[in-house]
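Down below is the structure, laid out as structure tokens.
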Amino acid sequence: MSTIPPSPRRAAVLKGLGTYLPPRVVSNEELSGRLDTSDEWIRTRTGIRQRYWVDPGTATGDLAFEAGARALKAAGVDSVDAVVLATSTPDHPCPATAPAVAARLGLGTVPAFDIAAVCAGFVYAAASAASLIVAGLAERVLVIGAETYSGILNPADRTTSVIFGDGAGAIVLEAGSAEEPGALLGFDLGSDGERHDLITIPAGGSRMRTSEDPADQYFTMQGKPVFAHAVTRMGESSAALLERIGWPTESVDRVVGHQANVRILHALADFLGVERARAVVNLDRVGNTSAASIPLALADAMLSGEVAPGDRVLLSAFGGGLAWGSTALVWPDITAA
Ligand code: COA
């Protein structure tokens, strides 16, 4: 009797990673010069030593273009079937930033759209891209997370100004099998709109187009409750995903959490019962880059050898919305540019 072997499950597979940081480094000392803060406070309360901010005239789409070009180069490809761009600092309120980036990258008339899930944006964008691939709507997708938070930070607000940085990261996902290294093995996504007030830009949208108060045009965050939600939501989401894909927690080599605060990353490791040393940390160098955070952390971890082919890697992100998401993969033998 002959048996037909089961066909491998179609999955989105990581093929290349590209990142871009603007040239201007903003140190804690520089911020301490104009805000009531100190290098000591910022380092001990957040773990951040510096961040990168764009110069006037540089937009999110410019960073996205650079990271996208590098990801395509790293993957050794010059065409994709779709572009998904995660950002909460788009070039314009309308239209989306992705089509212009796709055109600049020479990708033709492929579908291109933005995802707005704030700091969880990259995982949401990867899930959207993976869904296009698994559904057979695309063979290859460019996923970009790009932000210019420096433009939405209230210069008078020390609680947010010291935390956020600008940057972009991108990956190329391609159709393959769930059995091969690099396959995104599943997603756990969630949101809690009851707490949308914890992270918001009050004005500029349809609920409040303009405001007499200039502060309403800037990003606001209630740090303490956000901290607590970040740990619980990323922790529960990660645990749910690990259970679904059958990875015992102790088998996870690296936890790449959203880079918001080193204390959150350590608390996430503690929540999961993973040694803190397995938590990838690069926020000391780049700050919180929102939708660009996960790919920037992955690129640094690749460079330092913290993430190597064959490693079991868990990705988890959390942000405004509230929104959160996790995914996991066995790290493939790829290059980063
Ligand atoms: N420099 C100096 N003092 C500061 C400061 C700064 N940059 N920012 C806040 N403070 C002060 C506060 O005013 C407060 O002073 P008070 O006690 O006199 O009122 C004190 O420090 C403690 O503030 P608190 O907000 O309780 O600090 P914290 O330990 O919670 O740290 C955050 C603040 C923002 C670093 C922390 O809450 C955090 O990381 N939250 C999550 C951020 C995050 O993850 N954001 C992105 C999610 S997507």
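In this text, all values refer to a predicted model and were calculated from it rather than measured experimentally. Side chains are part of it too, since the values below use all heavy atoms of this structure and drop only hydrogens, waters and symmetry mates. As the structure lists them, so they are numbered: ligands from 1, and atoms in each ligand from 1.
- Under a 4.0 Å heavy-atom criterion, Val226 is in contact with ligand 1.
- Within the 4.0 Å heavy-atom criterion, the part of Ile163 lying near ligand 1 is the side chain and not the backbone.
- By the criterion of a heavy-atom distance under 4.0 Å, neither the backbone nor the side chain of Ala230 is placed next to ligand 1.
- Counting protein heavy atoms under 4.0 angstrom from atom 38 (C) of ligand 1 gives one or more.
- A donor-acceptor pair shorter than 3.5 Å can be found between the side chains of Arg312 and Ser251.
- When heavy-atom distances to ligand 1 are checked against a 4.0 Å cut-off, Asn288 comes that close only through its side chain, counted from C-beta outward.
- Remark: among candidates Ala228, Ala260, Ala317, the nearest residue to atom 44 (O) of ligand 1 is Ala260, based on non-hydrogen atoms.
- Considering both main-chain and side-chain atoms, Lys224 comes within under 3.5 Å of ligand 1 through a nitrogen or oxygen pair.
- Put simply, no part of Leu31 is less than 4.0 Å from ligand 1, judged by heavy atoms.
- If you check each of Trp41, Phe219, Phe164, Phe227 against atom 27 (O) of ligand 1, the one with the closest non-hydrogen atom is Trp41.
- Proximity annotation for atom 13 (O) of ligand 1: of Met221, Glu40, Arg158, Arg158 comes nearest, heavy atoms only.
- Residue contacts with ligand 1, taken as heavy atom pairs separated by less than 4.0 Å, do not involve Leu35 at all.
- Between Thr46 and ligand 1, a contact under 3.5 Å exists for no N or O pair.
- In the hydrophobic clustering of ILVMFWY residues, with side-chain heavy atoms under 4.5 Å counting as a link, Ile171 and Phe113 come out together.
- Here the options are Leu21, Thr19, Ile48, the test is side chain to side chain contact (heavy atoms under 4.5 Å, CB included), and the partner is Val286; only Leu21 passes.
- Between the side chains of Asp213 and Ser211, not a single donor N or O lies within less than 3.5 Å of an accepting N or O.
- Ring pair Tyr149/Phe219 is perpendicular by interplanar angle, where above 60° counts as perpendicular and below 30° as parallel.
- Under a 4.0 Å criterion applied to the non-hydrogen atoms of Phe318, ligand 1 contributes the atoms 48 (S).
- There is no protein heavy atom closer than 4.0 angstrom to atom 18 (O) of ligand 1.
- Only the side chain of Val162 comes within 4.0 Å of ligand 1, counting heavy atoms alone; its backbone N, CA, C and O stay farther away.
- Distance check on atom 22 (C) of ligand 1: every protein heavy atom falls at or beyond the 4.0 Å cut-off.
- The nearest protein heavy atom to atom 3 (N) of ligand 1 is closer than 4.0 Å.
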